[in-house]
Amino acid sequence: MPELPEVETVVRGLARRLPGRRFARVDLHRADLRAPLPPGLKAKLEGRFIERIDRRGKYILIHCDDGGVILAHLGMSGRMVLHDPGDGWRRAKHDHVVFTLDDGTILSFNDARRFGTLDHIDAAALDDHKLLRHMGPEPLGNSFNGPNLARALAGKKTSIKAALLDQRIVAGLGNIYVCESLYWAGLSPRRLAGTVQGARAEALARAIRETLRRAIAAGGSSLRDYVQTSGELGYFQHQWAVYGKQGGTCPRCAEAGKSACIKRIVQSARSTFYCARCQR
DNA sequence: ACGAGAACCTGTTTGC
DNA sequence: TGCAAACAGGTTCTCG
């Protein structure tokens, strides 16, 4: 489920419901997530008011009134699920941490594969946190542009596909949006990362921003209650140009009346989809 | 130091 | 239909 646009959608959903509420009760049902839950989490949270919800890369940040911050990562299968007060909620399979708010709303952190993480730290230490310290720029932020991306890629011998999955280069991209961004930038996923300079880096930075912006718009407009529901994929899946479409025809080739062009290859043990004609 | 691949864990889809 | 293999949106560790 979660790359940057999905996490952003979750954050927006939480931001509509959580601020101003208080954690009445926190229940830890399973502590062995990707990293162990921080000691004393329950005591640190119960009674605290929630001030605001932020995002950094794929991390969800829940700020509390005592300066404490919950840091949550959804991994591959994690979800934040909200239940209205009095809707007969019962703990579901893989509900590892359950937050009960003062108005009876239930927020559950559910993660079948347990690749997700939850941590709790002081807001003052946020930038130094080991999970955030080396994270690259926000792709929708001001410091992300062609020249800065080119600098980050300079000298890199790995493929551009692998480089964009590296959260130190740019924050928040995952397998789907890397494939989609490379398609719109017209760059082959096999291209050496270090060769993406100048106009190519400019095109890639623009493609990344545009792809994410469109995905957030699709998730945000169509999944108003995203965090309350099953955590299914958002509607942007219907706008994928190449991801999951091996054997098909990409939008540009289809427009030009050309034959099937989309290939699937495996790079660093993960599927890559691309147009063999448009991407160089 | 860097890059590729394995490992982590469970659920769903695909293929015989 | 049944069972096994392949695959899944992420990150981190190990090995060469």
Side-chain angles (χ1 to χ4, degrees), chain A residues 1-11 29-37 55-60 71-80 92-96 109-119 129-136 139 152-183 189-195 208 211-212 214-216 218-219 223 226-227 229-247 264-273:
Chain A
M1 189 251 298
E3 298 182 40
L4 187 151
E6 291 73 35
V7 176
E8 177 65 22
T9 303
V10 170
V11 164
H29 296 286
R30 184 148 193 176
D32 57 334
L33 305 181
R34 194 175 92 216
L37 290 176
R55 179 188 57 73
R56 177 77 175 98
K58 298 172 192 169
Y59 288 90
I60 299 166
L71 198 84
H73 193 293
L74 301 177
M76 290 276 257
S77 55
R79 287 148 42 187
M80 288 286 192
K93 198 174 181 182
H94 307 304
D95 279 342
H96 304 312
F109 179 82
N110 181 291
D111 185 8
R113 293 175 75 178
R114 282 183 282 126
F115 288 173
T117 57
L118 270 189
D119 203 357
H129 192 278
K130 66 174 191 294
L131 295 172
L132 303 181
R133 196 171 22 190
H134 298 119
M135 190 167 289
L153 294 172
K156 287 225 149 288
K157 297 283 196 293
T158 191
S159 67
I160 186 65
K161 164 76 190 296
L164 292 180
L165 287 174
D166 183 344
Q167 303 296 296
R168 293 170 301 186
I169 304 288
V170 53
L173 296 183
N175 207 34
I176 293 175
Y177 295 108
V178 166
C179 290
E180 292 294 307
S181 299
L182 286 172
Y183 169 73
R190 299 194 223 237
R191 173 181 280 280
L192 247 45
T195 68
I208 289 169
T211 301
L212 295 177
R214 286 177 48 225
I216 290 170
L223 297 176
Y226 189 87
V227 292
T229 61
S230 61
E232 297 296 309
L233 278 174
Y235 282 79
F236 189 74
Q237 63 181 298
H238 302 303
Q239 296 178 45
W240 290 342
V242 291
Y243 188 84
K245 300 201 167 184
Q246 69 272 34
R264 172 185 182 272
I265 58 173
V266 174
Q267 292 179 289
S268 354
R270 318 214 39 203
S271 294
T272 299
F273 302 88

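Within every chain, numbering begins at 1; the chains are lettered A, B, ... in the order of the sequence lines, protein sequences first and strands thereafter. Because the structure is a prediction, the values reported are computed rather than measured. In what follows, every heavy atom counts, from backbone to side chain, and hydrogens, waters and symmetry copies are set aside.
- OP1 or OP2 of C/dT11 has at least one side-chain nitrogen or oxygen of A/Q167 nearer than 4.0 Å.
- Taking atom CD1 of A/I169 as the reference point, atom C1' of C/dG10 lies 17 Å away to the nearest angstrom.
- Of the P atoms belonging to C/dT14 and B/dC9, the separation is 15 Å, rounded to the nearest Å.
- With 3.5 Å as the limit, one finds a donor-acceptor pair spanning the side chains of A/Q267 and A/T272.
- Between the side chains of A/E6 and A/Y177, at least one donor N or O sits under 3.5 Å from an acceptor N or O.
- The side chain of A/R270 contributes no N or O atom lying less than 4.0 Å from OP1 or OP2 of C/dA8.
- Within 4.0 Å of A/L131, counting heavy atoms only, lie sugar-phosphate atoms of the nucleic acid but no base atom.
- In this model, the phosphate group of C/dT11 is approached by a side-chain N or O of A/H73 to a distance below 4.0 Å at OP1 or OP2.
- On the P atoms, B/dA6 is 13 Å away from C/dA6, given to the nearest whole Å.
- Heavy-atom nearest nucleotides on DNA chain C were determined for A/R264 and for A/R34, and the one closer to the 5' end corresponds to A/R264.
- Ring-plane geometry between A/F109 and A/H96 is classed as tilted, the angle between the planes lying from 30 to 60 degrees on a 0 to 90 degree scale.
- With sequence neighbours left out, the side-chain hydrogen bond (donor to acceptor under 3.5 Å, both in side chains) criterion links A/R113 to no other residue.
- Ion pairing between a basic and an acidic side chain is recognised when a charged N comes within 4.0 Å of a carboxylate O; A/R79 and A/D111 show no such pairing.
- What separates CG of A/L165 from P of B/dA4 is a distance of 11 Å, to the nearest Å.
- An OP1 or OP2 oxygen of C/dC7 is reached within less than 4.0 angstrom by no side-chain nitrogen or oxygen of A/S271.
- Rounded to whole Å, the P atom of B/dG5 lies 15 Å from the corresponding atom of C/dC7.
- A donor atom on one side chain and an acceptor atom on the other are not found under 3.5 Å apart for A/R190 and A/S159.
- The OH atom of A/Y59 sits 5 Å away from the P atom of C/dT12 (whole-angstrom rounding).
- Atoms NZ (A/K58) and P (C/dT12) sit 10 Å apart, rounded to a whole Å.
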task = Give DNA chain B the dot-bracket treatment, 5' to 3': Watson-Crick (N1-N3 with N6-O4 or O6-N4) or G-U (N1-O2, O6-N3) under 3.5 Å, [ ] crossing, | other strand.
result = .|||||||.|||||||
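- A side-chain donor from one of A/H129 and A/D119 sits under 3.5 Å from a side-chain acceptor of the other.
- Less than 4.0 Å separates DNA chain B from at least one heavy atom of each of the following residues of residues 153-163 of chain A: A/K156, A/K157, A/T158.
- Residues satisfying the side-chain hydrogen bond (donor to acceptor under 3.5 Å, both in side chains) criterion with A/D95, sequence neighbours excluded, are A/S108, A/N110.
- How far CG of A/L74 is from NZ of A/K58: 10.5 Å, rounded to the nearest 0.5 Å.
- Atom CD1 of A/I176 and atom P of C/dG10 are 7 Å apart (whole Å).
- Take A/S268 and apply the side chain to side chain contact (heavy atoms under 4.5 Å, CB included) test, not counting sequence neighbours, and it matches A/A162.
- With rounding to whole Å, A/H96 atom NE2 is found 13 Å from B/dC8 atom C1'.
- Rounded to an integer number of Å, the gap from CG of A/L192 to C1' of B/dG3 is 11 Å.
- Going from atom CD of A/Q267 over to atom P of B/dA4 covers 9 Å, rounded to whole Å.
- A side-chain N or O of A/R214 and one of A/Q239 form a donor-acceptor pair less than 3.5 Å apart.
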ask   = Using a cut-off of 4.0 Å between protein heavy atoms and nucleotide atoms, how would you tag nucleotides 9-16 of chain B 5' to 3' with B, S and -?
value = BBS-----
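- Residue A/A171 comes nearest to A/G57 through the heavy atom pair CB-CA, 3.9 Å, listed as atom of the first residue, atom of the second, then distance.
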